[in-house]
2 protein chains.
Amino acid sequence: MPPRFQEPYCSAGCPVEAALGLIGGKWKGILLYHLMSGTLRFNEIRKRVPGVTQRMLTTQLRELEADGLILRVVYPQVPPRVEYSLSDRGRTLQPVIMALKAWGERHATQREPQAA
Amino acid sequence: MPPRFQEPYCSAGCPVEAALGLIGGKWKGILLYHLMSGTLRFNEIRKRVPGVTQRMLTTQLRELEADGLILRVVYPQVPPRVEYSLSDRGRTLQPVIMALKAWGERHATQREPQAA
DNA sequence: CGGTATCCACGCGGATACTG
DNA sequence: CAGTATCCGCGTGGATACCG
């Protein structure tokens with residue numbers, strides 16, 4: 001059976017997709033957004049993002065970290081203290097997140113196609 | 001087609017999520033992007049987005065249409081001719097898509113954390 | 001406090017076949 | 001040409017329990 005490889009969504013150079021691939025995760029957008037305002041601890045993020053489960057929060061934060069978008073600093077204390085903040089690279093996303101936010105505020109807090 | 005209504009991830013007013021919910025679909029970003037340059041027929045889009053299956057293309061286009069972001073015009077001919085274009089609402093997304101594109105071009109064609 | 005580990009449901013999305 | 005219809009694998013993400 002031939003291995004049949006999975007080619008990327010767009011052949012080469014789909015910057016839009018590349019960007020969405022990084023911030024398009026279920027919670028990444030808001031996580032990034034909240035971190036725009038500054039460093040946050042794990043549970044602080046949880047409070048700001050009601051609905052996210054512990055597992056998903058961890059997962060998404062780790063992915064953002066792996067993509068070099070956020071920094072994760074662990075303070076070897078007990079009880080533990082872990083702080084999340086934007087990396088330099090993550091900060092470059094600010095215009096994007098803000099564009100997303102601005103659009104959402106004006107055009108789509110809810111889903112209402114053409115409405116009345 | 002499932003009734004795709006994503007209840008808001010964040011309790012109230014998460015414009016970032018709202019926006020991502022609309023354009024965050026697997027192909028929506030590029031679809032929107034390609035339609036920015038003008039009206040396209042079904043197969044024209046297919047050619048521009050290699051890798052997308054017919055089913056996914058239809059699905060995503062229909063969702064974008066349901067969300068009022070694109071227009072779908074069917075010409076009652078044989079063979080059929082269906083043209084897709086941005087709606088007024090969809091056009092308001094231009095800054096967002098362009099921000100995504102600009103960021104992707106400069107910072108993330110690939111996935112490379114912090115590298116060496 | 002800030003996680004892991006495990007289990008599992010669901011729906012996204014690919015492949016394929018058929019149609020007006 | 002531009003779709004539907006069907007089948008199904010697989011990853012995503014929720015719930016829960018436990019750990020350093």
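Naming: A, B, ... by sequence-line order, numbering from 1 per chain. From a predicted model like this one, the values you see are computed outputs, not experimental measurements.
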Q) Tell me: OH of Tyr75(A) to P of dG2(C), nearest whole Å? A) 12 Å
**Q.** Which residue lies more 5' along DNA chain D, comparing Gln60(A) with Pro80(A) via nearest heavy atoms
**A.** Gln60(A)
(Q) Applying a 4.0 Å non-hydrogen cut-off, can you work out what Arg46(A) is touching in the nucleic acid: base, sugar-phosphate, or nothing? (A) nothing
Q) Taking any atom under 4.0 angstrom from a heavy atom of chain A, which nucleotides of DNA chain D are the first and last to qualify, 5' to 3'? A) dG13(D) to dG20(D)
Q | Atom-to-atom span, CG of Leu40(A) to C1' of dG2(C) - whole angstrom | A | 15 Å
Q: Compute the bend angle of the helix from dC1(C)-dG20(D) to dG20(C)-dC1(D) from the end axes (five pairs per end), rounded to 10°.
A: 60°
Q. Looking for any heavy atom pair under 4.0 Å, which part of the strands does Arg55(A) touch: base, sugar-phosphate only, or nothing?
A. base
Q.
From CZ of Phe42(B) over to P of dG20(C), roughly how many Å is that when rounded to an integer?
A. 18 Å
Please tabulate, one pair per line, all N/O donor-acceptor pairs under 3.5 Å involving side-chain atoms of residues 35-44 of chain A, not counting sequence neighbours.
from: Ser37(A); atom 1: OG; to: His34(A); atom 2: O; distance (Å): 2.7
from: Glu44(A); atom 1: OE1; to: Arg41(A); atom 2: N; distance (Å): 2.7

Q | Gly25(B) to Gln60(B) - nearest heavy-atom pair and separation | A | C-OE1, 3.6 Å
Q. Can you tell me how far C1' of dG20(C) sits from CD of Gln77(B), to the nearest Å?
A. 15 Å
Q | Residue met sooner reading DNA chain C from 5', once Gly25(B) and Val74(A) are mapped to nucleotides | A | Val74(A)
Q) Looking at CZ of Arg89(B) and CG of Leu69(B), how far apart are the two atoms once the value is rounded to the nearest 0.5 Å? A) 5.5 Å
Q | Member of Leu31(B), Leu86(B), Thr59(B) meeting the side chain to side chain contact (heavy atoms under 4.5 Å, CB included) criterion with Leu64(B) | A | Leu31(B)
**Q.** Length of the CD-C1' vector between Glu83(A) and dC1(C), whole Å
**A.** 13 Å
Q: To the nearest Å, give me how far apart CD (Glu65(A)) and C1' (dG3(C)) are.
A: 13 Å
Q. Would you say the side chain of Leu57(A) lies within less than 4.5 Å of the side chain of Val49(A), judging by non-hydrogen atoms?
A. no
**Q.** Distance-minimising heavy-atom pair for Lys28(A) and Leu22(A)
**A.** CD-O, 3.1 Å
Q | Rounded interatomic separation in angstrom, taking CD from Glu63(B) and P from dG11(C) | A | 13 Å
Q: Return the 5'-most residue of the pair Met56(A), Arg41(B) with respect to DNA chain D, ranking by each residue's nearest nucleotide.
A: Arg41(B)
Q | Distance-minimising heavy-atom pair for Arg72(B) and Tyr84(B) | A | NE-OH, 3.2 Å
Q. Could you state the CG-P distance from Leu57(B) to dA15(C), rounded to the nearest angstrom?
A. 14 Å
Q: For Gln54(A), report the nucleic acid contact type (base, sugar-phosphate, nothing); a contact means any heavy atom under 4.0 Å.
A: base
Q. So how far is it from Leu20(B) CG to Leu100(A) CG, rounded to the nearest 0.5 Å?
A. 4.5 Å
Q | Shortest non-hydrogen separation from Ala99(A) to Val96(B) and the atoms involved | A | O-CG2, 3.6 Å
Q: Give Tyr84(A) one of three labels, base, sugar-phosphate or nothing, depending on what nucleic acid heavy atoms sit under 4.0 Å from its own.
A: sugar-phosphate
Q.
Within the structure provided, determine whether Trp27(B) and Ile45(B) are in side-chain contact (heavy-atom separation under 4.5 Å).
A. no
